Amino acid sequence: MENIHLNIEKAFGFVSKEQVYAQETKANECMATLHQGTGAGNDFLGWLHLPSSITDAELTEIENTAEVLRSKCEIVVAIGIGGSYLGTRAVVEAMNNSFDWLHTADRKNPILLYAGHNIGEDYLYELSEVLKGKQFGIINISKSGTTTEPALAFRILKKQLEDAVGKEEAKHRIVAITDAKKGALRTLADQEGYKTFVIPDNVGGRFSVLTPVGLLPIAVAGVNIRELVAGAVSMEKATDESVPFAENMASIYAAVRNELYKSGKKIEILCNFHPKLHYIAEWWKQLYGESEGKEGKGIFPAAVDLTTDLHSMGQWIQEGERTIFETVISVANPNHNVTVPTDEANLDGLNFLAGKRVDEVNKMAELGTQLAHVDGGVPNLKITMPAVTPYYIGQLFYFFEKACGISGYMLGVNPFNQPGVEAYKKNMFALLNKPGYEKESEAIKSRL
């Protein structure tokens, strides 16, 4: 099968090919640091060979558990935040029909809904109302079981499920994905007898989509997880340290990003011309933002959906401050065929498009946008996906993960920690008078 492909030619008017290839030694050193486990955060490298280490037995267990939930439930709520949520939604939104929620009479798969990714009272109320009278189940994803957003959602939904079907039946509709031995959710799961899967200690949340964290809810939604993993395995091989720099798209992407950053391009905008890729961009934003944004460094990751956002953000991208570059995900072949019809009156003036596929129009919009943005001072990188399938999404996930590890080390940061994430939590707990935060509470209230 084909691989996804990276083209950096439209960046060479802003940094030279010689500059990018001059980073070969450094990129290779950072690649070696990853593979030898000698860098900062080396206790979180379990993702590196994760795709090729997943066994058939593990996939079968996930598929069997998914089938139990599918057989019992009209709706399954996946509870999680950050990496425990974004990868799943990226795959499911990309692979499901765009109007999936309207398909009720002929559904083959449960509707997958999400909770624990916000602290929205109206959201939780409306979710609870939707679940009334429905057969539903829960996949609760949390390493500790005490992260505020998912823990709050689980407390509410667990009670609703137990009130609806009883504790005995509820335990067969709840799956916990958590730590192997410790934590509040592990303790509860053992006490209640929930089916459990383990979040590996050496895989951080934003790299966890190919663990049960992502694979179970993705399987519940009816997506072929074996194809997803197979795509990741192929990209693991294609970006291995044995692959020369000039042929290694993860190394090239890391190198060109860092060269653009050094030249003053501080913002990377991930663009797509396929609306089903919106949540892949949301997953990517966490991956790069949380991995590189520290110690006063890091490219700011942003995202737009095109052509939609050309009518909102397009002006800024075209003529705003020249601190940006774009990485465009281009889909070579859509999954369906829609042709523009002829209209005798031609009041909209579109008969010049009659007989053309909508995708041909979209591709010309993509090309025209690329040329306009490059002319407007925006370097442009392009990742081509042959099609939107689980296989190519698996490739894309692993490519971005591998490039992120290399890029973070090239930048000089630990790409596998997130110390800044705790700051808001400390303030929130102090303001809520959580036991143990008395001193912080007094200090923060004096500032209000």
Side-chain angles (χ1 to χ4, degrees), residues 1-4 51 54 59 62-67 69-70 73-78 80 83-104 106-114 117 137 139 141 177 206 208-235 270-287 303 305 308 329-338 358-359 362 383-401:
M1 295 183 72
E2 295 179 78
N3 283 346
I4 62 173
I54 299 172
L59 289 174
I62 290 169
E63 290 167 335
N64 289 343
T65 302
E67 188 54 40
L69 290 173
R70 287 156 60 88
C73 304
E74 302 169 75
I75 297 172
V76 173
V77 184
S84 298
Y85 152 73
L86 287 168
T88 293
R89 192 157 192 179
V91 177
V92 173
E93 296 284 341
M95 294 310 307
N96 273 359
N97 186 292
S98 299
F99 306 98
D100 182 63
W101 71 92
L102 295 175
H103 291 250
T104 54
D106 58 346
R107 290 200 68 85
K108 296 179 180 178
N109 307 308
I111 296 172
L112 193 66
L113 299 180
Y114 304 92
H117 57 298
I139 301 172
I141 308 165
I177 304 177
R206 57 191 177 275
S208 68
V209 64
L210 297 174
T211 72
V213 165
L215 295 180
L216 178 60
I218 289 168
V220 166
V223 178
N224 190 323
I225 59 173
R226 291 178 184 267
E227 288 187 19
L228 185 73
V229 171
V233 170
S234 70
M235 188 52 58
L270 190 71
C271 312
N272 73 80
F273 283 79
H274 196 303
K276 293 168 82 72
L277 301 184
H278 173 83
Y279 275 96
I280 285 180
E282 294 301 302
W283 170 85
W284 172 88
K285 286 196 300 186
Q286 186 205 3
L287 179 66
D305 298 319
T308 302
I329 303 177
S330 178
V331 177
N333 300 295
N335 293 325
H336 304 288
N337 188 326
V338 177
V358 171
D359 188 59
N362 193 42
I383 299 165
T384 301
M385 293 177 70
V388 179
T389 67
Y391 184 86
Y392 292 120
I393 294 172
Q395 283 199 340
L396 191 68
F397 278 158
Y398 189 85
F399 158 70
F400 276 135
E401 289 177 354

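If you read the sequence from its start, that first residue is 1, and numbering goes on from there. Here the structure is a predicted model, which means the values were calculated and not measured.
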Please name the pair of heavy atoms, one in A90 and one in W283, separated by the smallest distance, quoted to 0.1 Å.
CB-CB, 4.3 Å

Among pairs that include at least one residue of residues 92-102, which meet salt bridge (Lys or Arg N to Asp or Glu O under 4.0 Å), considering only residues two or more places apart or in two chains?
R89-E93, D100-R107

Find the distance between CG (N335) and CG (D359) and round it off to the nearest 0.5 Å.
10.5 Å

For H117, check ring-ring contact (aromatic ring centres under 6.0 Å, His included) against everything at least two apart and list the hits.
Y85, Y123

Minimum heavy-atom separation for A332 to P334, with atom names?
O-CD, 4.0 Å

Should V223 and I393 count as side-chain neighbours, where that means a heavy-atom distance under 4.5 Å?
no

Hey, could you give me each pair passing salt bridge (Lys or Arg N to Asp or Glu O under 4.0 Å) that has a residue in residues 210-227? Not counting sequence neighbours.
D56-R226, E63-R226

Salt bridge (charged side-chain N to carboxylate O under 4.0 Å, His left out) with D305: which residues, sequence neighbours excluded?
none

Residue set satisfying side chain to side chain contact (heavy atoms under 4.5 Å, CB included) with N333, at least two apart, ordered chain then number -> none

Who are the ring-ring contact (aromatic ring centres under 6.0 Å, His included) partners of Y392, not counting sequence neighbours?
none

Look up atom CD1 in I225 and atom CG in L59, then write down how far apart they are to the nearest 0.5 Å.
5.0 Å

Taking the side chain as every heavy atom from C-beta outward, state whether Q395 and N3 have any atom pair closer than 4.5 Å.
yes

Residues two or more places apart in sequence or in another chain: which of them pass side chain to side chain contact (heavy atoms under 4.5 Å, CB included) with S84?
I141, V213

What's the spacing between L215 CG and I62 CD1 if we round to 0.5 Å?
4.5 Å

Any Y114 side-chain heavy atom under 4.5 Å of P217 side chain
no

About how many Å separate CG of L396 and CZ of F400, when rounded to the nearest 0.5 Å?
4.5 Å

Results of salt bridge (charged side-chain N to carboxylate O under 4.0 Å, His left out) for E67 - residues two or more places apart only
R70

Does any non-hydrogen side-chain atom of E74 lie less than 4.5 Å from one of I111?
no

Can you name the closest pair of heavy atoms from M95 and P390 and give their distance?
CE-CD, 3.5 Å

Roughly how far, to the nearest 0.5 Å, is the CG atom of L287 from the CG atom of L86?
10.5 Å

Closest non-hydrogen contact found for P51 with Y398 is CG-CD1, 3.8 Å

Set of side chain to side chain contact (heavy atoms under 4.5 Å, CB included) partners for A221, sequence neighbours left out
V92, L112

Scanning both residues in full, the closest heavy-atom pair of A232 with L210 reads CB-CD1, 3.4 Å

C271 side chain near I329 side chain, heavy-atom distance below 4.5 Å:
no

Please enumerate all residues that pass side chain to side chain contact (heavy atoms under 4.5 Å, CB included) together with A281, with sequence neighbours excluded.
L270, A303

Any non-hydrogen side-chain atom of N109 less than 4.5 Å from a side-chain atom of N96?
no

Heavy-atom pair with the smallest gap, counting every atom of V76 and P110
CG2-CB, 4.2 Å

Residues at least two apart in sequence or cross-chain that pass side-chain hydrogen bond (donor to acceptor under 3.5 Å, both in side chains) with S330, listed by chain then number, are E366

Do P275 and T308 have side-chain heavy atoms sitting under 4.5 Å apart?
no

Between OG1 of T389 and CG of L228, what distance do you get to the nearest 0.5 Å?
9.5 Å

Once salt bridge (charged side-chain N to carboxylate O under 4.0 Å, His left out) is applied, do any residues pair with K285, and if so which ones, sequence neighbours excluded?
E282

